[in-house]
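Scroll down for the structure; my scribbles are underneath it.
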Protein chains: 2
Amino acid sequence: MFDAIKTYYTRLVPQLSQPEWEALEKCLSIRQFRKGDFLVKAGQVCKYVSFINSGLARLYYSIDGKDVSTGFAQQGDYTSEYESFLTRKPAAQNIEALTEVEAIDLGYDDMQRLYKTYPAYQEFGRKISEFLFIMLNQRNTALLALTPEERYTNMIETNANLLQLVPQYMLASYIGVTPEHLSRVRRKLSAGS
Amino acid sequence: MFDAIKTYYTRLVPQLSQPEWEALEKCLSIRQFRKGDFLVKAGQVCKYVSFINSGLARLYYSIDGKDVSTGFAQQGDYTSEYESFLTRKPAAQNIEALTEVEAIDLGYDDMQRLYKTYPAYQEFGRKISEFLFIMLNQRNTALLALTPEERYTNMIETNANLLQLVPQYMLASYIGVTPEHLSRVRRKLSAGS
DNA sequence: GTTCATTCTTAACAAATATCAACGAAATCC
DNA sequence: GGATTTCGTTGATATTTGTTAAGAATGAAC
């Protein structure tokens with residue numbers, strides 16, 4: 001049931017003991033989502049960090065009626081509106097299931113209790129936060145330092161599988177342009193090669 | 001000598017014991033910078049997290065010969081090219097002293113040793129990482145959801161002191177526009193009020 | 001297999017912002 | 001306190017990207 005998530009934890013904190021793992025396991029619960037369902041709705045507090053056991057979800061802002069995607073979570077990834085989760089304030093972003101999704105949730109109170117009781121989970125929490133910081137920072141760097149065209153070719157190289165799974169207009173906003181403009185970028189790229 | 005930084009730590013981890021504090025204190029060292037000096041140079045690995053004991057520093061990318069400021073650290077703030085510090089890879093950003101700066105450094109190896117030895121520092125590291133994530137996420141949200149004008153007025157309200165201390169062209173890139181454009185934004189604002 | 005909705009592409013036009021260049025003001029340095 | 005550099009403003013123009021609208025392609029539903 002929780003094999004995949006256990007692998008995830010032991011990769012970050014290899015010395016996790018059996019009792020520690022069991023304490024965590026007791027806190028985990030499974031939620032099922034259908035395509036189009038929301039794991040998190042903007043405006044509501046994000047109550048969980050969710051491990052994606054299967055399926056695909058996206059994280060996005062809804063601004064002036066337009067979506068701006070900021071990330072995608074696949075099987076084996078963690079996802080959360082982490083700022084909301086940490087601050088207990090309403091989420092600015094939505095998390096939506098792009099396919100059927102099975103998520104393994106860990107709630108805020110349980111997480112704080114694990115932190116208090118087991119130093120190993122402090123370490124896990126630190127490493128997760130560091131990881132999320134690095135991801136966000138890399139995305140920022142790319143948005144600042146690269147052109148839309150470079151960000152798109154980058155994506156082809158590093159996230160080829162997402163190009164298959166995600167509609168192009170979602171990738172467009174992730175890359176930081178309109179769908180129309182991404183279409184132009186693609187045409188230009190295919191002409192020049 | 002280390003009063004300010006001790007306050008900083010005990011605010012994040014109130015239960016810090018005397019031996020724990022002393023273990024940290026042994027790792028701290030002070031560096032002095034003159035205006036224009038670099039605390040961190042892009043291309044080199046960032047070796048420290050630095051507490052600003054006095055003065056003002058800025059964090060910025062240098063892209064195509066142009067600066068893009070991403071943050072400012074004042075007295076009482078921590079600063080670091082944190083992605084480089086965590087990953088031990090060359091920094092993408094510079095940290096530059098905008099005034100004389102006195103910084104209290106904590107090195108990577110010492111930090112890892114503190115993490116290993118004292119759970120309290122795991123907790124500190126977690127909270128710092130969470131904080132940095134939230135800061136970065138808020139900046140992202142502002143860049144996505146607000147106009148340059150809104151970001152500027154926001155800054156007036158929340159960071160009034162920085163407007164005094166930092167040249168306008170650095171604020172411009174922080175806000176995400178050219179200095180010329182910020183100048184026009186300001187003119188428009190003063191006309192309309 | 002036809003219909004309907006969704007997605008992608010294309011083109012013409014519009015808007016926001018950048019670039020370039022010049023000038024004036026302010027601060028800094030001998 | 002004059003000279004020099006740095007900084008901020010302004011205007012003309014250029015570029016990038018967004019907007020709107022239409023149609024083509026794709027895929028799902030019946």
Side-chain angles (χ1 to χ4, degrees), chain A residues 34-37 56 58 60-69 72 96-100 142-156 160 162-193, chain B residues 34-37 56 58 60-69 72 96-100 142-156 160 162-193:
Chain A
R34 275 172 304 181
K35 180 174 174 168
D37 286 351
L56 175 66
R58 76 161 168 147
Y60 71 98
Y61 294 89
S62 187
I63 297 170
D64 303 331
K66 261 164 281 176
D67 290 2
V68 181
S69 299
F72 302 92
E96 177 199 13
L98 296 183
T99 64
E100 285 212 349
L143 285 171
L144 278 175
L146 304 179
T147 64
E149 181 175 326
E150 288 168 329
R151 293 197 292 274
Y152 179 67
T153 53
N154 241 318
M155 184 134 206
I156 293 176
L162 272 185
L163 300 214
Q164 258 54 53
L165 300 171
V166 173
Q168 198 168 297
Y169 70 89
M170 290 184 189
L171 293 175
S173 71
Y174 181 77
I175 286 167
V177 297
T178 57
E180 294 88 342
H181 192 69
L182 177 56
S183 186
R184 281 193 282 245
V185 167
R186 280 161 48 82
R187 176 170 41 151
K188 192 172 145 238
L189 280 172
S190 64
S193 64
Chain B
R34 274 173 305 181
K35 181 174 173 168
D37 286 351
L56 176 65
R58 77 162 168 147
Y60 71 97
Y61 293 89
S62 187
I63 297 170
D64 303 333
K66 261 163 284 177
D67 290 3
V68 181
S69 299
F72 302 92
E96 178 199 12
L98 296 183
T99 64
E100 286 211 349
L143 286 171
L144 278 176
L146 304 181
T147 64
E149 181 175 324
E150 288 168 330
R151 293 197 292 274
Y152 178 68
T153 52
N154 241 319
M155 185 135 206
I156 293 177
L162 273 185
L163 300 215
Q164 257 55 52
L165 300 171
V166 173
Q168 200 167 297
Y169 70 89
M170 291 182 189
L171 292 176
S173 70
Y174 181 77
I175 286 167
V177 297
T178 58
E180 293 91 337
H181 193 69
L182 177 55
S183 182
R184 283 189 266 259
V185 167
R186 280 161 48 82
R187 177 169 42 151
K188 193 173 146 236
L189 280 172
S190 64
S193 62

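Every chain is numbered from 1 and lettered A, B, ... according to where its sequence line falls, protein lines coming before strand lines.
- The side-chain contact (heavy atoms from CB on, under 4.5 Å) check on B:Tyr61 picks up A:Asn137, A:Thr141, A:Leu144, B:Ile63, B:Val68, B:Thr70, B:Ala92, B:Gln93, with sequence neighbours excluded.
- For the side-chain contact (heavy atoms from CB on, under 4.5 Å) test, residues two or more places apart in sequence or in another chain that qualify with B:Tyr169 are B:Pro167, B:Pro179.
- The shortest distance between the side-chain N/O atoms of B:Gln168 and the OP1/OP2 oxygens of D:dT6 is not below 4.0 Å.
- Contacts of B:Phe72 classified as ring pair (Phe, Tyr, Trp, His ring centres under 6.0 Å), with partners at least two apart in sequence or in another chain: B:Tyr174.
- Within residues 178-186 of chain A, the residues approaching DNA chain C are A:Glu180, A:Ser183, A:Arg184, A:Arg186, by heavy-atom distance under 4.0 Å.
- Between its two ends, the helix from C:dG1-D:dC30 to C:dC30-D:dG1 turns its axis by 50°, counting five pairs per end and rounding to 10 degrees.
- When the C1' atom of D:dT15 is taken as reference, atom CG of B:Asp64 falls 15 Å away, rounded to whole Å.
- Separating the CG atom in A:Asp37 from the CG atom in A:Leu98 is a distance of 11.5 Å, to the nearest 0.5 Å.
- Nucleotide D:dT16 holds its P atom 11 Å from the CD atom of A:Glu149, rounded to whole Å.
- Take the nearest nucleotide of DNA chain C for B:Gly176 and for A:Tyr169: the residue whose nucleotide is more 5' is A:Tyr169.
- For the atom pair CG of A:Leu171 and OG of A:Ser69, the computed distance is 8.0 Å after rounding to the nearest 0.5 Å.
- First and last contacting nucleotides of DNA chain C toward chain A (any atom under 4.0 angstrom from a heavy atom, 5' to 3' order): C:dT7 to C:dA12.
- With sequence neighbours excluded, the residues that form a side-chain contact (heavy atoms from CB on, under 4.5 Å) with B:Leu146 are B:Ala142, B:Glu150, B:Arg151, B:Asn154.
- Between B:Arg187 atom CZ and D:dT10 atom C1' there is a gap of 6 Å when expressed in whole angstrom units.
- In this structure, the side-chain hydrogen bond (donor to acceptor under 3.5 Å, both in side chains) partners of B:Gln168, at least two apart in sequence or on a different chain, are B:Arg186.
- Inter-residue side-chain proximity for B:Met155 and B:Leu162 is flagged as met; some heavy-atom pair is nearer than 4.5 Å.
- In this structure A:Glu180 satisfies the side-chain hydrogen bond (donor to acceptor under 3.5 Å, both in side chains) test with no other residue, sequence neighbours excluded.
- In plain terms, the two heavy atoms of A:Ser62 and A:Asp67 that are nearest each other are OG-OD1, 4.0 Å.
- D:dT20 atom P lies 8 Å from atom NZ of A:Lys66, rounded to whole Å.
- Not counting sequence neighbours, the partners of A:Leu165 by the side-chain contact (heavy atoms from CB on, under 4.5 Å) test are A:Leu56, A:Gln74.
- Contact between B:Pro148 and B:Ile175 at its shortest, heavy atoms only, is O-CG2, 3.8 Å.
- Rounding to whole angstrom units, CG of residue B:Leu171 and P of D:dC7 are separated by 12 Å.
- Interatomic distance, A:Arg184 CZ to A:Leu182 CG, rounded to the nearest 0.5 Å: 10.5 Å.
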With B for base contact, S for sugar-phosphate-only contact and - for none (protein heavy atoms under 4.0 Å), nucleotides 22-30 of chain D reads ---------
